[in-house]
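Encoded as structure tokens, the structure appears first; notes follow it.
Ligands are counted one by one from 1 in listed order, and the atoms in each one are counted from 1 as well.
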Amino acid sequence: MTGVILLHPDLLFPADPNQRQIARELYGHVRDLPLISPHGHVDPRLLADDAPFGDPARLFVVPDHYLTRMLYSQGVHPDALGVPRKGGEQEELDGREIWRTFAAHWHLFRGTPSKLWLEQTLAEVFGVTTKLTPGTADEVYDAVSACLAKPEFRPRALFERFNIEVLATTESPLDPLTQHAKLTADGWGDRVVSTFRPDDVVDMEWGGGTGGEQVDTTGWRDRLTRLGEITGEDTTTFSGYLAALRQRREAFMALGTTSSDHGHPTARTLVLPEEEKARLFAKGWRGEATPADAEAFRAVMLVEFARMSIEDGMVMQLHPGSARNHNQWLHEGYGTDVGGDIPQATDYVHGLAPLLNEFGNDPRLRLVLYTLDETTFTRELAPLAGGYAALFLGAPWWFLDSPEVLRRFREAVTESAGFYNTAGFVDDTRAFCSIPVRHDVARRVDAGFRARLVAEHRLDLDEAVETAADLAYHLPRRVFRRGALAPSRQEFSQVTDR
Ligand SMILES: [Zn+2]
């Protein structure tokens, strides 16, 4: 039918009728399992305050760099989309005007996951099945606005409706965790947890452009000073700095955090003698660090965080491979995380070797690896995860989170890593309302992949059913140590105990 969003029950299943039938059955076993969302960027204030969402444009368009980036690539100015300028000021724009501009360019998203996510969200979450076109922009805007005014569309009500068991947000060690403390006080502490993300106090180049011979470490030093004030440690010394980080990890864990996340440009790790580490750190404080020193310090700190993880049990996630702020004009005008980042080639084999030589065989360490470089799936990541006790493979993310790459991921890594060295799906989203559809897409694609193995007589149906439930639910709970909430040995019987 034209003009109506189709919610086809066979969405993303194989076209082959035999495989499609098996995929339907496999999907039926996981469709209603609770959502585990161990990595993402939802603002915790949303759930702490439980205030109504803003208008549809500010819910769907303004904060979504997947959308604003594509529109910008076709000549729509960020100001016309309400993207806040770097200084915080925003062109005074009516949400409806932003929405009309967006609708006028909606055809640009044909074939992209963004189209699938938004249409499914409008239909499934808001019951709005009118197709978005320039002519229906106002109708869709009004229908969504009417929903947003109702109490059942408040964040906590949607959280329940989405059947989310646990949602992890991401905060810096400098964050006072006020929102998470409020959530805990409200009895939501086990359901919404933080992720310890120390990039801003590790990376001397964080948030700034470089290119010079020396890194401007002013911002890094200011943040370390604040870290010292928060913890009472002397963060001008390397040992005091490490003690401050350990203290913040404890504070995060007291509020339910079970994982850290590290967003480095590369996967480089480095083992150095104590005095060399302290020397690099001191260069940063003196403002004499070169870009090579900054890279070496990030590499050193990954090993330090692995050591801390073994001590305190935090699961470590590494998200390398983004060349941040590649679009300098966008960065200078609108700051970070607005769509100006580009993936780059990443070397895991040599980059991770120093860390893995230290800790890779220690089953107390859990390091979940992500990539923006698809060429590493078969050649590097799957053999590494299939060869070290500490490693797991995270789901394809960001530029790679489409149904196509989710499928290619399984095809590329299962041979060497199997299913059980992968960590389950993470939605990695800022867009709260898109969480259900993103998990649904992963469950459908995985069902399709296993349906083919069953149809080719490589996997029995009962094994495929068991694996489906493990990947969608049990495995991410276990890998991210959320199992302690309601563990039962039976539940995990098919997952190796480690
Ligand atoms: Zn992320």
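- The N, O or S atom of Asp428 with the smallest distance to the Zn ion (ligand 1) is OD1.
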Report task. I would like to know whether His180 and Glu171 meet side-chain hydrogen bond (donor to acceptor under 3.5 Å, both in side chains); could you show each step before the answer? Result -> CA-CA 10 Å; His180 286 280; Glu171 274 77 37; 3.1 Å; yes

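- Taking 4.0 Å as the cut-off between side-chain N and carboxylate O, Arg444 and Asp440 count as a salt-bridged pair.
- Screening Trp397, Phe377, Phe449, Tyr370 against Phe409 for a ring-ring contact (aromatic ring centres under 6.0 Å, His included) leaves a single residue, Phe377.
- With a cut-off of 2.8 Å, the Zn ion (ligand 1) has no N, O or S atom of His319 in range.
- Seen from the Zn ion (ligand 1), atom NE2 on His39 and atom NE2 on His41 lie at an angle near 110° (rounded to 10 degrees).
- Between Arg58 and Asp55 there is a salt bridge, with a side-chain nitrogen of the basic residue lying less than 4.0 Å from a carboxylate oxygen of the acidic one.
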